[in-house]
Amino acid sequence: MNFIKALNHKPAFKPSINLSILEAHLPKCQSPKQLNQVLSQMIFTGFIRDTFAASRVLKCSADSPFVHIDHSLQIFNHIENSNGFIWNTMMRAYVQRNSPEKAICLYKLMLDRNVGCDNYTYPILVQACTIRLSEFEGKELHNQVFKTGFDSDVYVQNTLINMYAVCGNMGDARHLVDESPVLDSVSWNSILAGYVQIGDVDNAKYIYGMMPERNTIASNSMIVLFGRTGRLIEALQLFNEMPEKDMVSWSALISCYEQNEMYEEALVLFMKMKANGIMVDEVVVVSVLSACAHLSLVKTGKIIHCLVVKIGIESYVNLQNAFIHMYSTCGDIIAAQKLFNGGCHLDQISWNSMISGYLKCGSVEIAKKLFDSMPNKDVVSWSAMISGYAQHDHFSETLALFQEMQLDGLSPDETTLVSVISACTHLAALDLGIWIHAYIKKNGLKVNVILGTTLIDMYMKCGCVENALEVFYGIEEMWVSTWNALILGLAINGLVDKSLDMFSEMKRCGVVPNEITFMGVLGACRHMGLVDEGYRHFNSMIQEHKIEPNIKHYGCMVDLLGRAGMLKEAEELIETMPMAPDVATWGALLGACKKHGDNKMGERVGRKLIEFQPDHDGFHVLLSNIYASKGNWDGALEVRGMMMRHGVVKTPGCSMIEAKGVVHEFLAGDKAHPWMKEIEDKLDEIAKKLKMEGYAPDTNEISLDIDQEEKETSLFRHSEKLAIAFGLIAISPPTPIRIMKNLRICNDCHAAAKFISRAFNREIVIRDRHRFHHFKQGSCSCTDYW
DNA sequence: ATAGGGTTAG
């Protein structure tokens, strides 16, 4: 709209116009169109030359949120005989519409044109500097205020105090207060707000004490300050002593509780507030919803939602976001989704909490779709998605997303790294794990308890006991889980004595063991066949620590007894345990029967297990091997027939080995690897050397009725042997050859690995389904008990 | 002569 267009509008009323008619019409002007009608009338009659009348029209235009600022500027530019009031109006319009720099430009023009500034000019300009957080320009203004003498105006002074306080320059703010002869309650509140903002309790208390009269705003600010600095008692005391509490006072105290994680107290106070008939606004509801989210009180959240609708404040954006967060945190993803789909101006937290909400209820794919469609992903979004993948066992995706996050230029925080390290643990990706540990050190991230525990677990489950211990001794705080990772880790790495020592040390430090601790302790005993010691811990668990053993503890004991050859005792324990034994319990006994050659019991248990779980390949294989080891080929063939009928396929042995950051996979009998020729040559070399060392292949476990030579060949194609041969070629000493196997290592491979470690002077570490085997100079850390 | 300015809670 411009003046030419304005002229085309029909005059709204008769040609005669005066101030009283204008004053009567202006308040009714709601739209640019109506304003233009008045304007055209004024131009038509020449009334626009009346400076006072023109200033009234400009003010009306500037104050209307529906009129564009450029339109006001056109009016401004056409006003003849402008004055300070008109310039002030224009500058204020710019500040109000968040263009403080344009207000400052106008001020410079004002000085050039010698338009007189007045005491109203400076508060506007100081406010402009405050919005820009430009203390430099503010100081410049302060000088000019000083020269013009407007510093005696309390309004001018208060905006200056506020400006310094908002910029954090409490020295200059305080100087103004100390020197001023004209202080009103706003002056005091402004300087107080500055101290509250920087958390300076001493100076805030001093100012509050100096105030000639305490007003509610000042007391409210003090409550906020006490809350932010954790002084709940002082906040409550002040609240109780206040003669007049307003909505903000209640809201401030509720927010104190909320920020100090006293969520119940926050909710109780909110109920009290409502019972006292105090008005509720969107600000206090946000605090209360956060409390509901933390307490997972979705019902209370819903009641508050009804209240919000009843009082008609549900359309506040902040409230919508808070409700989305509350619902998704409480697991009511349906309610969250409804708001999310209908919401506008959703903030980052809403997106992030929707992603977490979907992940929490297991909808990984939906979460990923939302994540992909998200406009701005922050560290929290990435972290939520990465840890969601890890929690749902999508470990490769976890690592892939982590790489993507870094390509996106974002730095992971401690929370993200915990998930990534845990994925490394599951994939035995030691190189990446070591890289992340180095990243943590390089970037000065704090190894907190959780991160430390995760690292210990990772190193232990990758067979790096030394590194795990280094982390353990380097962290400040230890939880039960930290000790558990250590005890369990030492046990699976064959350091049983050290594991049990650490259990004593843990108790000596006053840490109370839990049921997971005893999985580690009993596991340690199992790995060394310490039957008596195992029983002692099992009993102390019940009597001393009042922990009811679960089915896994019983399974562990059955395994301990069975492996030690006490098959009868093991079976008795199964029959007397207080809960129904599961497949794993019987499976442990079957393994023991195989180890100790008890074919009668083995057949009985094996058949029971196959009946129990006809699709389990391991039990069939064990039973068939039991028959084969005693030359009962009919039995073995029958089991193989059952497997065929049930469609059970034997899981092929698979070994993984990481070389130069790449994971290589070998299956039993595999010929697919590009280096197969070199690997076969190496296997021949190994075979020759081993024969010289006196190694004889152990063909007992091969159930196929094939001749001896073929048996030996197939034995020599076991996946772990292929991996060892590859490791000898691809990994240069003294780096140990680290291999992860999906099944348990077989007798022959175990014997061969021992020989190889001596003949080639190489350390070999094999992680099988159950534990680690560290082969060094012809012996294994498991002391051949496994 | 007349009009217009600042502060607090998440």
Side-chain angles (χ1 to χ4, degrees), chain A residues 19-20 22-23 26 50-60 62-63 83-93 95-96 103 117-128 130-131 150 153-166 173 176 182-197 204 207-208 211 214-228 235 239 245-259 266 273 278-291 316-319 321-322 325 347 349:
Chain A
L19 198 57
S20 58
L22 182 70
E23 295 279 9
L26 280 181
D50 183 320
T51 311
F52 185 69
S55 73
R56 299 292 290 137
V57 179
L58 176 64
K59 172 110 183 79
C60 183
D63 284 351
N83 62 17
F85 177 87
I86 288 165
W87 285 74
N88 289 347
T89 305
M90 198 60 220
M91 289 191 290
R92 187 179 308 110
V95 174
Q96 279 166 354
C117 297
D118 60 12
N119 54 329
Y120 287 90
T121 311
Y122 287 102
I124 300 164
L125 292 167
V126 175
Q127 180 67 2
T130 311
I131 294 172
F150 286 120
D153 184 304
V154 71
Y155 282 105
V156 175
Q157 195 164 52
N158 289 348
T159 46
L160 281 169
I161 294 171
N162 179 51
M163 188 264 299
Y164 283 127
V166 167
L176 278 168
V182 278
L183 292 174
D184 66 1
S185 68
V186 175
S187 328
W188 291 106
N189 289 342
S190 300
I191 182 107
L192 187 61
Y195 286 128
V196 170
Q197 185 191 271
I207 292 291
Y208 189 63
M211 291 175 75
R214 308 276 158 76
N215 56 57
T216 310
I217 292 178
S219 303
N220 291 346
S221 300
M222 288 304 285
I223 293 177
V224 172
L225 176 62
F226 287 141
R228 283 191 196 159
F239 178 82
K245 301 185 240 296
D246 63 5
M247 177 176 70
V248 177
S249 322
W250 288 83
S251 174
L253 191 61
I254 289 171
S255 145
C256 284
Y257 284 136
E258 191 265 326
Q259 284 180 354
M273 178 181 181
I278 314 286
M279 244 246 304
V280 167
D281 76 345
E282 78 284 359
V283 177
V284 67
V285 173
V286 168
S287 294
V288 176
L289 286 179
S290 160
Y316 277 97
V317 178
N318 284 351
L319 262 188
N321 287 318
H325 181 247
D347 68 1
I349 296 175

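None of these values were measured; they are calculated from a predicted model. All chains are named by letter (A, B, ...) in the order of the sequence lines, taking the proteins before the strands, and each is independently numbered beginning at 1.
- For A/Cys117, the side chain to side chain contact (heavy atoms under 4.5 Å, CB included) partners at least two apart in sequence or on another chain are A/Tyr107, A/Met110, A/Leu111, A/Thr121, A/Tyr122.
- The CD1 atom of A/Ile191 lies 11.5 Å from the CE atom of A/Met211; values are rounded to the nearest 0.5 Å.
- If you measure from atom CG of A/Asp118 to atom P of B/dA3, you get 13 Å, rounded to the nearest angstrom.
- Look at CD1 on A/Ile86: it is 14 Å from P on B/dG4, rounded to the nearest Å.
- Within the 4.0 angstrom heavy-atom criterion, no nucleotide atom of any strand lies near A/Ser185.
- Nucleic acid contact for A/Asp50: none, since no nucleic acid atom lies under 4.0 Å from a heavy atom of the residue.
- One distance of note links OG1 of A/Thr51 with CD1 of A/Ile86; it measures 6.0 Å at 0.5 Å rounding.
- Remark: A/Trp188 engages no residue in a side-chain hydrogen bond (donor to acceptor under 3.5 Å, both in side chains) (not counting sequence neighbours).
- Taking A/Asp347 as the reference, A/Asn321, A/Ser350 meet the side-chain hydrogen bond (donor to acceptor under 3.5 Å, both in side chains) condition, with sequence neighbours excluded.
- Rounded to whole Å, the distance from CZ on A/Arg56 to C1' on B/dT2 is 9 Å.
- Under the rule for a side-chain hydrogen bond (donor to acceptor under 3.5 Å, both in side chains), A/Arg214 has no partner lying at least two apart in sequence or in another chain.
- Distance CD (A/Gln157) to P (B/dG5): 19 Å, rounded to an integer number of Å.
- If you measure from atom CZ of A/Phe85 to atom C1' of B/dA1, you get 14 Å, rounded to the nearest angstrom.
- The separation between A/Ile207 atom CD1 and B/dT7 atom P is 18 Å, rounded to whole Å.
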Polar atom pairs (N or O), protein with nucleotides 8-10 of chain B, under 3.5 Å:
residue : atom : partner  : partner atom : Å
B/dG10  : OP1  : A/Ser255 : OG           : 3.4
B/dG10  : OP2  : A/Arg228 : NH2          : 3.2

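- Under the side-chain hydrogen bond (donor to acceptor under 3.5 Å, both in side chains) criterion, A/Asp50 pairs with no residue at all, not counting sequence neighbours.
- When rounded to the nearest whole Å, the span between CG of A/Leu183 and P of B/dT7 equals 16 Å.
- Judged by atom type and distance alone, A/Asn158 does not reach the base of B/dG5 through any side-chain donor-acceptor pair under 3.5 Å.
- Between the C1' atom of B/dT7 and the CE atom of A/Met163 lies a distance of 15 Å, rounded to the nearest Å.
- The base of B/dG4 has none of its N or O atoms less than 3.5 Å from a complementary donor or acceptor on the side chain of A/Asp63.
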